[in-house]
K.L.:
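Before we start, here is the structure in question, set down as structure tokens.
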Number of protein chains: 2
Amino acid sequence: MWVMSLRIALLGLLTAYGSASGYDLTKAFERSVAHVWQAGHSQIYPELAKMTADGLVTVEAEGARGRKIYSITPEGREELRAWLLGHEPTGPARSEIALQAFLLPLLESGEARAVLQRLKTHMERRLTELEALWEARHAAPGLKGASGVRFGNLALDLGIRQMRTTLQWADDAIAQLGGQT
Amino acid sequence: MWVMSLRIALLGLLTAYGSASGYDLTKAFERSVAHVWQAGHSQIYPELAKMTADGLVTVEAEGARGRKIYSITPEGREELRAWLLGHEPTGPARSEIALQAFLLPLLESGEARAVLQRLKTHMERRLTELEALWEARHAAPGLKGASGVRFGNLALDLGIRQMRTTLQWADDAIAQLGGQT
DNA sequence: GGTTGACATGTAAGAAGTTACATGTCACTT
DNA sequence: AAGTGACATGTAACTTCTTACATGTCAACC
């Protein structure tokens, strides 16, 4: 039917935090969900307005500086639950890295190696960030879900593993190119 | 600046195939690039028209049934090359699987396990498909790039590795949930 | 008292992507 | 001769996403 994963991500964050403003949610996207989904405030504010109209969230209070504090409604909770339990995620995400990988053989092997090398540097930096986040989470207390798993840890773990896999792939690809200049 | 990876993917396919119609390219998307990027004909036809206007491709000939055969121009080749050499791919792809992973702790652990299990089934099916594709490629001759690597193989390899990693992650996540019901 | 900077919320314009609608050709079968 | 189905191309309506514009509050510092 539709996608509307932004809606789901917002409902999830609201469930985790209890209540939050559009601004908080924007920040939360940057901090926590960023490895998984991105959205700017210009997408979040209108979406929250639509979700209010649809009864999935409510404006609980208005704070200083026009700050609106949203919280999830039972309908919202139901929507989120239904998505988690019933939505079959679409397999192959659109990935620019994979597209570059696909097209790489169009380059002469020296150039291809350079591109892979740059890719590696980029990914190593991201991996370091993710690992730092992991360390930070394991040092400090955080939000726990119903299952007792720290909120977001599963996704972070997945992100780290995928990054490592991709790095390994890049290394192997470089080796493969090296052998047949 | 902008993204326009569809344009890049089309240029890449045209380079690989020499020349092709919009219809061919739509099919090529389904077959070869599908694990990496998706696009329907309703996106491809208008894009080819724009690319013709921009001088990146030309209509080389018109065949039966209104079939238009496109080929890449030197400008198009340059555009593709510049992207491959110069474009820093944006790191975290938007992934519905990762979003589910992120939100999973909101469910009670029995339900979470069921979702992971369904995810696994889904991914195992996809992995089998990818592996079959791999086998097929290693049996039959195919398009080779400048570096001598079979066109698309690097991307396919990456896809298979990532799928395996994700499956392993799902197994570990299930085990982790199991221990703390 | 003025400036800076984090806080806070929105709109507008345009690009990218999806789904559905719409049309027509050609080869093969019944 | 009629029907089916792969071939082939397009448009329209709509959703989603990105980038840029636009405005205003409040605290702290100088």
Side-chain angles (χ1 to χ4, degrees), chain A residues 1-10 17 19-31 33-34 36-54 57 59-70 83 87-96 99, chain B residues 1-11 19-31 33-34 36-54 57 59-70 83 87-96 99:
Chain A
M1 208 157 145
W2 3 256
V3 192
M4 290 214 304
S5 307
L6 173 60
R7 203 165 259 229
I8 298 301
L10 289 171
Y17 290 124
S19 60
S21 67
Y23 188 83
D24 294 336
L25 291 167
T26 305
K27 292 295 161 187
F29 259 91
E30 283 168 20
R31 268 186 263 107
V33 218
V36 155
W37 207 267
Q38 292 145 279
H41 75 274
S42 66
Q43 218 189 331
I44 291 173
Y45 288 125
E47 187 63 29
L48 283 170
K50 271 189 248 159
M51 288 164 80
T52 306
D54 293 349
V57 297
V59 179
E60 198 183 55
E62 305 215 8
R65 289 176 248 186
R67 181 185 168 91
K68 284 184 196 162
I69 295 155
Y70 291 90
W83 186 87
H87 180 78
E88 193 81 23
T90 57
R94 234 155 243 227
S95 153
E96 291 200 344
L99 182 57
Chain B
M1 215 156 140
W2 2 255
V3 193
M4 292 213 303
S5 307
L6 172 61
R7 200 164 261 229
I8 298 301
L10 289 171
L11 290 173
S19 61
S21 68
Y23 188 84
D24 293 335
L25 290 167
T26 305
K27 291 295 162 188
F29 260 92
E30 283 168 19
R31 269 185 261 106
V33 218
V36 155
W37 208 269
Q38 293 145 279
H41 75 274
S42 66
Q43 218 189 330
I44 290 172
Y45 289 125
E47 187 63 28
L48 283 171
K50 271 187 250 162
M51 287 163 79
T52 306
D54 293 347
V57 296
V59 179
E60 195 184 57
E62 305 217 8
R65 285 175 250 186
R67 181 185 168 91
K68 284 184 196 163
I69 295 155
Y70 291 91
W83 186 87
H87 181 78
E88 192 81 24
T90 58
R94 235 156 241 227
S95 153
E96 289 199 345
L99 183 57

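In what follows, chains carry the letters A, B, and so on, assigned in the order in which the sequence lines appear, proteins first and then strands, with residues in each chain numbered from 1. As the structure is a computational prediction, the values presented were derived from the model and not from experiment.
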K.L.:
Which heavy atom in Thr26(B) sits nearest to a heavy atom in Gly40(B), and how many Å separate them?
P.N.:
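Closest approach of Thr26(B) to Gly40(B), heavy atoms only: CG2-C, 4.5 Å.
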K.L.:
Reading DNA chain D from 5' onward, which residue's closest nucleotide shows up sooner: Gln43(A) or Asp24(B)?
P.N.:
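With Gln43(A) and Asp24(B) compared, the 5'-side residue is Asp24(B).
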K.L.:
Measure from CG on Leu6(B) to P on dC17(D) and round the result to the nearest Å.
P.N.:
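So the two atoms are 17 Å apart, to the nearest Å.
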K.L.:
By nearest heavy atom, map Gly66(A) and Ala39(A) onto DNA chain D; which one lands nearer the 5' end?
P.N.:
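Here Ala39(A) is the residue nearer the 5' end.
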K.L.:
Going by the rule side chain to side chain contact (heavy atoms under 4.5 Å, CB included), which residues pair with Tyr23(B) if we only count those two or more places apart in sequence or in a different chain?
P.N.:
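If we apply the side chain to side chain contact (heavy atoms under 4.5 Å, CB included) test to Tyr23(B), skipping adjacent residues, the hits are Ser21(B), Lys27(B), Tyr45(B).
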K.L.:
CG/Leu6(B) to CD/Gln38(B) distance, rounded to the nearest 0.5 angstrom?
P.N.:
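Nearest 0.5 Å value for the CG-CD distance: 12.0 Å.
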K.L.:
Answer with base, sugar-phosphate or nothing: what part of the nucleic acid does Gly40(A) contact at a heavy-atom distance below 4.0 Å?
P.N.:
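It contacts nothing in the nucleic acid.
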K.L.:
What's touching nucleotides 21-23 of chain D from the protein side, N or O pairs under 3.5 Å?
P.N.:
none

K.L.:
Which nucleotide in the set dG17(C), dT9(D), dT11(D) lies at the smallest distance from any side-chain heavy atom of Arg67(B)?
P.N.:
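It is dT9(D).
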K.L.:
Do Tyr70(B) and Asp24(B) have side chains that approach each other closer than 4.5 Å (heavy atoms only, starting at C-beta)?
P.N.:
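When only atoms from C-beta onward are counted, Asp24(B) and Tyr70(B) do not touch, as no gap falls below 4.5 Å.
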K.L.:
Would you name the heavy atoms of Trp37(B) and Phe29(B) that are closest together and state the gap between them?
P.N.:
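So the minimum-distance heavy-atom pair works out to O-CD2, 3.7 Å.
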K.L.:
How close do Arg31(A) and Tyr17(A) get, counting heavy atoms only, and between which atoms?
P.N.:
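Looks like NH1-OH, 4.3 Å.
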K.L.:
Round to a whole Å and report the spacing from CD of Glu47(B) to P of dT9(D).
P.N.:
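Spelled out: CD on Glu47(B) to P on dT9(D) is 16 Å.
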K.L.:
Can we say Glu62(B) and Arg67(B) salt-bridge, meaning some charged N sits less than 4.0 Å from an Asp/Glu carboxylate O?
P.N.:
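Salt bridge between Glu62(B) and Arg67(B), a charged N being under 4.0 Å from a carboxylate O: no.
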K.L.:
Are any protein N/O atoms closer than 3.5 Å to N/O atoms in nucleotides 4-6 of chain C? If there are, list each pair with its distance.
P.N.:
none

K.L.:
Is Lys50(A) close to Arg7(A) at the side-chain level, that is, under 4.5 Å between some pair of heavy atoms?
P.N.:
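Yes; the side chains approach each other to less than 4.5 Å.
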K.L.:
With a 4.0 Å cut-off on heavy atoms, is Ser21(A) in touch with a base, just the backbone sugar-phosphate, or nothing at all?
P.N.:
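Since only primed, P, OP1 and OP2 atoms lie under 4.0 Å of Ser21(A), the category is sugar-phosphate.
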K.L.:
If you look at every heavy atom in Pro46(B) and His41(B), which pair is closest and at what distance?
P.N.:
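Taking Pro46(B) first and His41(B) second, the nearest heavy atoms are CD-O, 4.0 Å.
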K.L.:
Reckon Arg94(B) has a side-chain N or O less than 4.0 Å from the OP1 or OP2 of dT18(D)?
P.N.:
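It does, given that an N or O in the side chain of Arg94(B) lies less than 4.0 Å from OP1 or OP2 of dT18(D).
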K.L.:
Find the distance Ile8(B):CD1 to dG17(C):C1' and express it as a whole number of Å.
P.N.:
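Answer to the nearest Å: 17 Å.
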K.L.:
So, do Ile44(B) and Leu10(B) sit near enough that their side-chain heavy atoms are less than 4.5 Å apart?
P.N.:
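In short, these two side chains touch, coming nearer than 4.5 Å.
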K.L.:
What integer distance in Å separates Tyr45(A):OH from dC17(D):P?
P.N.:
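Those two atoms, OH and P, are 18 Å apart.
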K.L.:
Starting from P on dC7(C), measure out to NZ on Lys27(A) and report it in whole angstrom.
P.N.:
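From Lys27(A) NZ to dC7(C) P: 6 Å.
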K.L.:
Between Tyr70(A) and Lys50(B), who's closer to the 5' end of DNA chain C by nearest nucleotide?
P.N.:
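Nearest-nucleotide comparison on DNA chain C picks Tyr70(A).
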K.L.:
Specify the separation, in whole Å, of atom CD1 of Ile44(A) and atom P of dG10(C).
P.N.:
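In whole Å, dG10(C) P and Ile44(A) CD1 are 12 Å from each other.
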K.L.:
Whole angstrom is fine here: how far is it from CD in Glu96(A) over to P in dA16(C)?
P.N.:
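Nearest whole value for this atom pair: 12 Å.
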K.L.:
In whole angstrom, give the distance that lies between atom CD of Gln38(B) and atom P of dT19(C).
P.N.:
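Answer to the nearest Å: 10 Å.
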